[in-house]
Protein chains: 2
Amino acid sequence: MTEIELSTEEKILKAAEEVFMRDGYDGSRMQDIADVAGINKALLHYYFRSKDKLFEKVFDAKIQSFFPKMGEKFSQDIPFLDKIHIFIEGYMDLLLKNPYLPLFVLNTVNNKDKSEFIKKLPIELSRQVAQSYYVEFKKGNVRELNPAQFIMSLMGMCIFPFLAKPILLDMFKADNDTFDKLMEERIQELKHYVTLIVTP
Amino acid sequence: MTEIELSTEEKILKAAEEVFMRDGYDGSRMQDIADVAGINKALLHYYFRSKDKLFEKVFDAKIQSFFPKMGEKFSQDIPFLDKIHIFIEGYMDLLLKNPYLPLFVLNTVNNKDKSEFIKKLPIELSRQVAQSYYVEFKKGNVRELNPAQFIMSLMGMCIFPFLAKPILLDMFKADNDTFDKLMEERIQELKHYVTLIVTP
DNA sequence: TATAAGTTTAACCAAATGGTTAAATATGTT
DNA sequence: AACATATTTAACCATTTGGTTAAACTTATA
């Protein structure tokens with residue numbers, strides 16, 4: 001493990017990401033971010049003029065991962081169902097590594113004051129899934145369904161547990177490790193579900 | 001339509017619900033709530049001593065509906081699948097009437113400062129579904145599955161579109177009415193999905 | 001060494017906000 | 001009328017917070 005000396009800018013962005021994701025925009029304090037970054041508030045404003053500017057930088061990077069660009073994977077010439085399975089694996093993995101991501105993104109896009117940022121979201125995923133689906137449907141390999149409804153279900157099934165995690169921990173009387181195991185197990189379960197849904 | 005004169009307390013609670021649900025706890029201002037209720041700030045504090053106390057009153061009522069008490073319906077002696085269908089209808093209907101509910105509840109439950117409120121959530125739903133499932137499983141009427149995973153999927157599929165609504169409107173280039181129609185349509189689609197998932 | 005950029009410190013400011021208080025007024029009750 | 005409760009008004013307070021400023025110090029580079 002090589003010791004990497006982060007630049008001040010990187011330290012700030014990392015700290016801002018942590019604090020914004022944990023406390024939300026309104027709940028975050030510039031002083032908090034400065035503390036986490038190990039610098040002072042003056043330097044924070046020296047690098048990023050305002051809270052808004054800093055937030056935008058952090059958010060831009062995050063929304064990209066929330067709607068993953070599965071372009072490469074979806075353009076592969078493999079059956080639709082296999083693509084969905086790959087999506088589930090990759091996405092659940094991302095969520096396990098970024099459990100605060102969903103609430104952060106969903107709050108931001110639902111925030112009237114921050115709605116400017118919505119434009120930047122990639123609508124590619126939807127298009128790719130739909131296109132890939134129709135190709136396969138014509139071959140008779142998948143059942144007839146509405147791709148829009150399907151993708152909402154797919155994302156909902158993946159994301160919801162991470163949004164409701166505190167409730168679920170309480171419900172199942174589980175701790176963090178148990179939850180992660182439940183999510184690992186969930187990958188297989190979801191693959192099974194979509195197979196049943198998609199197969200003719 | 002009879003004109004009902006709301007008491008001041010009711011006016012406040014209704015206003016608080018509206019503002020808290022729209023702006024979240026941190027984003028809400030006592031002055032805003034007073035304005036919406038058509039009273040002044042002093043009177044607001046006269047009825048509910050603090051922002052926290054007022055919030056708690058609103059939240060208590062809301063979390064009850066987020067995890068619906070389907071007790072009566074689930075105790076009926078009808079097939080498991082039918083119960084789930086009834087759940088989907090009732091829950092989607094609730095969400096269509098309270099589109100801000102999910103984000104509000106999930107934010108609160110994920111807020112460290114508000115974690116005291118989590119205790120009050122009803123874990124009944126999970127127990128009821130699981131029990132109802134096992135009864136039916138023994139009769140061989142449903143496929144083997146993990147009820148915990150199933151209920152996360154069910155709730156996720158219902159709730160997610162309302163959380164991601166601003167993104168979806170953008171994605172599908174839709175307006176509010178189109179979205180509602182999509183959700184109406186979704187009720188049938190979800191019934192179909194769960195049938196495929198549950199049927200042996 | 002001189003210069004410029006990066007960094008720290010600490011004080012400061014204006015605005016917003018939750019909450020309080022006191023006095024005046026309105027309304028209804030006994 | 002007398003009394004209590006509900007409501008308004010407006011001023012006020014303490015704290016938090018985003019943001020600024022200026023002066024000093026450090027580091028690297030020309």
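Note that this is a predicted model, so its numbers are computed, not measured. Residue numbers start from 1 in every chain, and the chains themselves are labelled A, B, ... in the order their sequence lines are given, proteins ahead of strands.
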What is the separation between atom [atom1] on [X] and atom [atom2] on [N], rounded to the nearest whole Å?
X     : N      : atom1 : atom2 : answer
A:I33 : D:dG19 : CD1   : C1'   : 14 Å
B:K11 : D:dT7  : NZ    : C1'   : 10 Å
B:I12 : D:dA6  : CD1   : C1'   : 11 Å

Q) Partners of B:N146 by side chain to side chain donor-acceptor pair (under 3.5 Å), sequence neighbours excluded? A) A:E185
(Q) Which residues pass the side chain to side chain donor-acceptor pair (under 3.5 Å) test with B:N40, not counting sequence neighbours? (A) none
Q.
So, using ring pair (Phe, Tyr, Trp, His ring centres under 6.0 Å) as the criterion, who are the partners of A:Y133 when residues are at least two apart?
A. A:F80, A:F137
Q. How would nucleotides 7-23 of chain C be written as a contact map, 5' to 3', with B for base contact, S for sugar-phosphate-only contact and - for no contact, using protein heavy atoms under 4.0 Å?
A. BBBB------SBBBB--
Give the table of side-chain donor-acceptor pairs shorter than 3.5 Å for residues 99-106 of chain B, with sequence neighbours excluded, one pair per line with atom names and distance.
none

Pairs under 3.5 angstrom only: tabulate donor-acceptor contacts from the side chains of residues 55-65 of chain B to other protein residues two or more places apart or in another chain.
from, atom 1, to, atom 2, distance (Å)
B:E56, OE2, B:K120, NZ, 2.7
B:K62, NZ, B:E17, OE2, 3.2
B:S65, OG, B:K62, O, 2.8

